[in-house]
Amino acid sequence: MSLPLHLVAIGDSTVEGLEDPGPDGVYIGWADRFACYLNVIHPGLLYANLAVRGQTARQVRETQLRAALALAPDFALVVAGVNDVLRPRFDRDGLRDDLCAMHAELAAAGVRVLSFTMPDMARVAPLAVVLRRRLEFLNSVTLQCRERYGSLVVDLASVPAASHPALWHTDRLHGNSEGHRRIAAALAEAVGYQVADWRAEPPCEPKLSRWRVARDETVWAGSHLLPWAWEHARGPSPGEAVTCKRPNLLPVT
């Protein structure tokens, strides 16, 4: 009998699965959903999710990479860098070094690395147009990792439906349950699983007036963007510790 394969996920809040709630109050997310697909292909799969919300690529590299390698994964999900994009100071060289180092070290250990590019967020949040070049840089680095280290990268940025507002939570920073489901399906398709068409465009939404768009952007900035920026600017409170939801390799349920 062959030994079970290992899947380990590292990254930030999107890897943890924020805004895809489960019945027990724990977020599900595309990584958990992908693990279910992979478990069909490789029955008995063991899966760990080391992602921690709010972490930059440097923090993921420093706090999660070693732990991931210690679990001897056969497959690794690696998605990080959006928190770097959202910060006032954007260190392009540092982001490139950190992402490439994670892909390189995992590939050198014989791990099959999977990742994806980020959709254009301006369709979801018009104010995010100011971040477009940063996201394009992040995507270019992710694609470089595909060329350099053989990582399997799903190019969500090239799929129009991926940036449809119907697939995003009201915070416009995370996918909703349908968005997470589609990302998992896209990754599953990339490893050979036959899935329904995740590229389909959701139903059209009525076009909003300029006044309605401006109002919605003001409400979003006040209820989501500014609180997020303040929380990350002040850093964690004394004694506050955020841990990953699945530190150990466990069977997929």
Heavy atoms from other residues, nucleotides or ligands near CZ of R133 exceed 12 (cutoff 6.0 Å) =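 Count not over threshold, so no.
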
Any non-hydrogen side-chain atom of [X] less than 4.5 Å from a side-chain atom of [Y]?
{"X": "S177", "Y": "D20", "value": "yes"}
{"X": "L114", "Y": "F34", "value": "yes"}
{"X": "L173", "Y": "L18", "value": "no"}
{"X": "M121", "Y": "L131", "value": "no"}
{"X": "H174", "Y": "Y27", "value": "no"}
{"X": "T14", "Y": "V79", "value": "yes"}
{"X": "L95", "Y": "F137", "value": "yes"}
{"X": "L65", "Y": "V60", "value": "no"}

Drop me the distance from [X]'s [atom1] to [Y]'s [atom2], to the nearest 0.5 angstrom.
{"X": "D171", "Y": "E19", "atom1": "CG", "atom2": "CD", "answer": "5.0 Å"}
{"X": "Q59", "Y": "D98", "atom1": "CD", "atom2": "CG", "answer": "10.0 Å"}
{"X": "F116", "Y": "S151", "atom1": "CZ", "atom2": "OG", "answer": "13.5 Å"}
{"X": "H103", "Y": "Y149", "atom1": "NE2", "atom2": "OH", "answer": "9.0 Å"}
{"X": "D84", "Y": "Q55", "atom1": "CG", "atom2": "CD", "answer": "11.0 Å"}
{"X": "D155", "Y": "N139", "atom1": "CG", "atom2": "CG", "answer": "7.0 Å"}

Backbone of [Y] reached by a side-chain donor or acceptor of [X] within 3.5 Å:
{"X": "T117", "Y": "L156", "value": "yes"}
{"X": "R66", "Y": "E62", "value": "no"}
{"X": "D120", "Y": "R132", "value": "no"}
{"X": "W198", "Y": "G179", "value": "no"}
{"X": "K245", "Y": "V26", "value": "no"}

Shared hydrophobic cluster, V141 / V154 (ILVMFWY, side-chain heavy atoms < 4.5 Å) |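 Yes, it is one cluster - the side chains of V141 and V154 are joined through contacts under 4.5 Å.
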
Is there a path of hydrophobic side-chain contacts, each under 4.5 Å between heavy atoms of I, L, V, M, F, W or Y residues, that connects L250 with L77?
->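 They do not share one cluster, since no chain of ILVMFWY contacts under 4.5 Å joins L250 to L77.
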
Write down the atom of L249, the atom of L7, and the distance for their closest heavy-atom approach.
->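 Smallest heavy-atom distance, with atoms named: CD2-O, 3.9 Å.
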
Considering only NZ, NE, NH1 and NH2 on the basic side and carboxylate oxygens on the acidic side, decide whether R246 and D32 come within less than 4.0 Å.
->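 Salt bridge flag = no for D32 with R246.
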
Any Lys/Arg nitrogen of E178 or R182 sitting under 4.0 Å from an Asp/Glu carboxylate oxygen of the other?
->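 Yes, charged N to carboxylate O under 4.0 Å.
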
With under 30° as parallel and over 60° as perpendicular, where do the rings of H42 and F75 fit, or are they tilted in between?
->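 Judged by the thresholds at 30° and 60°, the geometry between H42 and F75 is tilted.
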
